[in-house]
Amino acid sequence: QVQLVESGGGLVQAGAALRLSCAASGRTFSSYVMGWFRQAPGKEREFVAAINWSTGSTNYADSVKGRFTISRDNAKVTVYLQMNSLKPEDTAVYYCAARPEAGGRMTYNYWGQGTQVTVSS
């Protein structure tokens, strides 16, 4: 089993920046992909970004390309989401998730509790 704990959410003004953290424990992540998802009120949970733990390769949703950056710290077993130029439409609960490297986006089977990000106009 893998345990994931997010932190770093908060209330900021449009144009500001936040960095979210996700600390992982329970097993090594050399064979895993770590991802960030978000869910706004009344909307389905959507993919934001992902990083392959072994290779460091990344992927982003079109809505956040150029503004958000996902990264990892192997020593701390932590994944980060640097969010710049935040917009009100970025307001959501952000979740950290993990899946086997061999799987696809449907196989994210470990989830954190979520952290609230609110961007005011």
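Numbering starts at 1 and runs along the sequence shown. All values below were derived from every heavy atom in this structure, side-chain atoms included, with hydrogens, water molecules and symmetry-related copies excluded.
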Chemist: Might you point out which heavy atoms bring Asp73 and Ala75 nearest each other, and give the distance in Å?
Modeler: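 Looking at all heavy atoms of both residues, the shortest contact is OD1-N, 3.0 Å.
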
Chemist: Between Arg38 and Glu46, is there a side-chain heavy-atom distance shorter than 4.5 Å?
Modeler: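 SC-SC contact between Glu46 and Arg38 confirmed.
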
Chemist: Identify the heavy atoms of Gln82 and Ala17 that sit nearest to each other, and give their distance.
Modeler: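 For Gln82 versus Ala17, the nearest heavy atoms are NE2-CB, 3.9 Å.
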
Chemist: Roughly how far apart are Lys65 NZ and Thr58 OG1, rounded to 0.5 Å?
Modeler: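 The distance works out to 10.0 Å.
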
Chemist: Can Glu89 and Thr91 be counted as having a side-chain donor-acceptor contact under 3.5 angstrom?
Modeler: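 Their side chains do not contain a donor-acceptor pair, so the 3.5 Å distance test is not met.
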
Chemist: Test: disulfide bond (SG atoms under 2.5 Å apart). Region: residues 73-121. Which pairs qualify, not counting sequence neighbours?
Modeler: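 Residue pairs passing disulfide bond (SG atoms under 2.5 Å apart), neighbours aside: Cys22-Cys96.
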
Chemist: Decide yes or no on ring pair (Phe, Tyr, Trp, His ring centres under 6.0 Å) for Phe47 and Trp36, but give the supporting numbers first.
Modeler: CA-CA 7 Å; Phe47 170 79; Trp36 286 96; over 10 Å; no

Chemist: Carefully, step by step, assess Val119 and Gln13 under the rule side-chain contact (heavy atoms from CB on, under 4.5 Å).
Modeler: CA-CA 5 Å; Val119 184; Gln13 296 184 67; over 6 Å; no

Chemist: Identify the two heavy atoms, one from Ser21 and one from Thr78, that lie closest to each other, and give their separation to 0.1 Å.
Modeler: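 That closest heavy-atom pairing would be CB-CG2, 4.3 Å.
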
Chemist: Would you indicate whether the side-chain heavy atoms of Val117 and Leu20 approach each other to under 4.5 Å?
Modeler: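 The answer is yes; the side chains approach within 4.5 Å.
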
Chemist: Can you name the closest pair of heavy atoms from Leu18 and Gly8 and give their distance?
Modeler: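 Looks like CD2-O, 3.8 Å.
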
Chemist: Over all heavy atoms of both residues, which pair between Pro100 and Tyr32 is shortest? Give the atoms and the distance, please.
Modeler: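 So the two residues come closest at N-CD2, 3.9 Å.
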
Chemist: For the side chain of Thr118 and the backbone of Leu11, is there at least one donor-acceptor N/O pair under 3.5 Å apart?
Modeler: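 Not confirmed, Thr118 side chain does not pair with Leu11 backbone.
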
Chemist: Would Trp111 and Leu4 count as a side-chain contact (heavy atoms from CB on, under 4.5 Å) if you check the C-alpha gap in whole Å, the side-chain angles of each, and the deciding distance to 0.1 Å?
Modeler: CA-CA 6 Å; Trp111 295 84; Leu4 305 173; 5.6 Å; no

Chemist: Show your reasoning for whether side-chain contact (heavy atoms from CB on, under 4.5 Å) applies to Phe68 and Leu81.
Modeler: CA-CA 7 Å; Phe68 290 11; Leu81 185 68; 4.2 Å; yes

Chemist: Would you kindly check if the NZ (Lys) or CZ (Arg) of Arg19 is within the cone defined by 45 degrees around the ring axis of Tyr80 and under 6.0 Å from the six-membered ring centre?
Modeler: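 Yes, Arg19 lies over the aromatic ring of Tyr80.
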
Chemist: Take Glu6 and Tyr94, measure what side-chain contact (heavy atoms from CB on, under 4.5 Å) needs, and give me the verdict at the end.
Modeler: CA-CA 8 Å; Glu6 304 100 330; Tyr94 284 70; over 6 Å; no

Chemist: Which atom names give the shortest non-hydrogen contact between Ile70 and Val79, and what distance separates them?
Modeler: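 That closest heavy-atom pairing would be CG1-CG2, 3.8 Å.
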
Chemist: Within 45 degrees of the axis of the six-membered ring of Tyr95 and under 6.0 Å from its centre: does Arg45 put its NZ or CZ there?
Modeler: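 Yes.
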
Chemist: Indicate yes or no: does Lys87 engage Asp90 in a salt bridge with an N to O separation below 4.0 Å.
Modeler: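 So Lys87 does not pair with Asp90 through a salt bridge.
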
